[in-house]
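Comments concern the structure below.
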Amino acid sequence: MLRVLFFARVREQLGCDSLELPWSTGHATVEALLSSLQQRGPNWQAALGQPNLVVAVNQQIADSAARLQAGDEVAFFPPVTGG
Amino acid sequence: MLRVLFFARVREQLGCDSLELPWSTGHATVEALLSSLQQRGPNWQAALGQPNLVVAVNQQIADSAARLQAGDEVAFFPPVTGG
Amino acid sequence: MAAAILSAQVQEQTFDPGALQQVLVTADSGAVVTFTGHVRGGAGEAEVTCLELEYYPGMTERSLLEILEDAATRWPLLAAAVVHRVGRLAPGEPIVWVGVSAAHRGEAFAACDFIMDFLKTRAPFWKKEHGPAGASWVAARAGDDERAARWQSPADGAG
Amino acid sequence: MAAAILSAQVQEQTFDPGALQQVLVTADSGAVVTFTGHVRGGAGEAEVTCLELEYYPGMTERSLLEILEDAATRWPLLAAAVVHRVGRLAPGEPIVWVGVSAAHRGEAFAACDFIMDFLKTRAPFWKKEHGPAGASWVAARAGDDERAARWQSPADGAG
């Protein structure tokens with residue numbers, strides 16, 4: 001399984017804060033996972049296609065080439081604005 | 001009159017924290033006042049001859065060329081070390 | 001020197017800067033620098049009636065601790081702590097607190113400034129402003145990235 | 001903007017950083033930065049059992065206010081305050097407190113740092129350390145002059 005999390009504006013645009021997906025060769029990288037998720041509809045395509053989208057794998061910032069393994073936690077969110 | 005104050009190490013070296021002097025043409029500048037005070041003895045010559053001596057006239061930092069007037073408050077002290 | 005005492009806390013409830021500061025002071029602390037951020041109310045069309053803070057439980061705390069550890073590597077700190085609030089906050093309320101204690105003021109100032117810059121640009125928090133015209137997510141500020149970029153090397157930052 | 005609220009206090013009694021900080025917070029304060037200095041105890045031959053602080057009544061308070069006014073000219077501050085203790089202090093005791101509030105953190109950090117640098121090099125205070133080997137006046141540090149020289153122009157300091 002992969003656990004996928006969405007935060008802030010991305011979460012709102014998707015109407016979804018988390019989902020679980022079976023790990024598969026189609027989800028072997030962040031980029032592949034993103035392409036797969038963007039198939040879900042126009043709001044998924046828009047929200048996950050934003051150029052400033054940030055991704056974290058297992059709670060560490062990652063890039064789209066990062067490889068995924070079963071059990072990983074992947075999060076997508078906009079640039080941070082705390083403080 | 002001139003009111004003359006000494007602080008910290010200078011005060012201790014002179015054994016004096018303040019004195020009053022009549023204003024006179026011999027005390028018309030800080031430099032003249034210093035020369036006059038240094039006549040008072042070797043400890044006055046040493047304490048007031050230190051190259052890093054700081055002078056304030058009427059509670060504002062001044063230099064040795066500053067002119068003095070009757071009623072002025074003149075202070076001599078070492079570099080500050082607060083904070 | 002001994003390892004710095006580091007602490008990162010994410011919480012809904014408010015905090016007391018004076019009490020937090022006391023915890024930082026060790027026998028060798030010559031200098032304590034603190035930063036407290038408050039919710040700004042804006043004015044007119046930009047009036048903010050409520051600020052909502054979202055975070056990533058787990059990653060946020062980890063990220064804050066990593067920033068403190070990074071600071072403690074760059075400067076000889078005795079203690080450093082951060083408290084960040086989440087949930088709904090009213091204008092004027094304290095939202096974030098960073099405190100650093102060190103032997104000397106140079107490193108305490110630099111480290112506190114550094115921690116705030118990295119917190120703003122690295123820690124997963126997101127602000128949503130509620131006002132008369134509705135709610136909107138706060139956009140990341142380029143100025144924050146520029147401030148964070150000042151700390152490219154420890155030598156630059158310690159200057 | 002309205003003039004900043006400025007306050008300078010010289011006193012023998014101790015102070016409460018938390019209470020002092022509260023006074024700085026106005027409706028527009030987004031950022032509050034504070035510095036608290038503590039007496040350092042030293043160690044071995046340099047052990048300090050007591051620190052004695054002398055000042056120039058009148059000139060010292062005036063000098064501190066001038067430093068705050070200078071800071072408020074360089075940066076858009078909402079409030080700035082300094083409390084400095086005099087008399088005899090034990091190691092660990094708080095000796096000086098500087099607090100600044102502003103809309104944004106950049107100016108609050110810069111102004112607090114600036115005020116400490118100028119307080120150290122301009123305000124008439126003198127420290128005498130008492131220890132096992134007797135008492136001695138603390139020498140001015142060249143490093144303090146170098147830090148103060150960083151603020152040659154407002155543009156440099158605000159960077």
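By convention in this document, chain letters (A, B, ...) are assigned in the order of the sequence lines, proteins followed by strands, and residues within each chain are numbered from 1.
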Is C/Glu54 salt-bridged to A/Arg9, cutoff N-O under 4.0 Å?
no
More than 12 foreign heavy atoms under 6.0 Å from CD of A/Gln50: is that the case here?
yes
OG1-CZ distance between A/Thr81 and C/Arg141, expressed to the nearest 0.5 angstrom
11.5 Å
Would you indicate whether the side-chain heavy atoms of C/Lys127 and A/Val80 approach each other to under 4.5 Å?
no
Taking C/Ala123, C/Ala139, C/Gly37 one by one, which has the highest count of heavy-atom pairs under 4.5 Å against chain A?
C/Ala123
Chain C contact via A/Leu5 - which portion, at a heavy-atom distance below 4.5 Å
side chain
Donor-acceptor check, side chain of C/His84 to backbone of A/Gly82, threshold 3.5 angstrom: yes or no?
no
Does any backbone or side-chain atom of A/Asn52 lie under 4.5 Å from a heavy atom of chain C? Answer side chain, backbone, both or neither.
neither
Angle between ring planes, C/Tyr56 versus A/Phe77, binned at 30° and 60°: parallel, tilted or perpendicular?
perpendicular
Is it the side chain or the backbone of C/Phe35 that comes within 4.5 Å of chain A heavy atoms, both, or neither?
neither
Kindly check if the number of other-residue, nucleotide or ligand heavy atoms within 6.0 Å of CZ (A/Arg40) is above 12?
yes
C/Trp126 versus A/Pro78: any side-chain heavy-atom pair under 4.5 Å?
yes
So A/Gln59 and C/Glu61, do their side chains get closer than 4.5 Å, heavy atoms only?
no
Assess whether atom CD of C/Glu12 is packed by more than 12 heavy atoms of other residues, nucleotides or ligands within 6.0 Å.
no
May I ask you to name which of C/Glu52, C/Lys128, C/Met116 has the most heavy-atom pairs under 4.5 Å with chain A?
C/Lys128
I'd like to check A/Gln60 versus C/Glu66 (side-chain heavy atoms, cut-off strictly below 4.5 Å). Are they in contact?
yes
Under 4.5 Å from any heavy atom of chain A - which part of C/Arg85:
neither
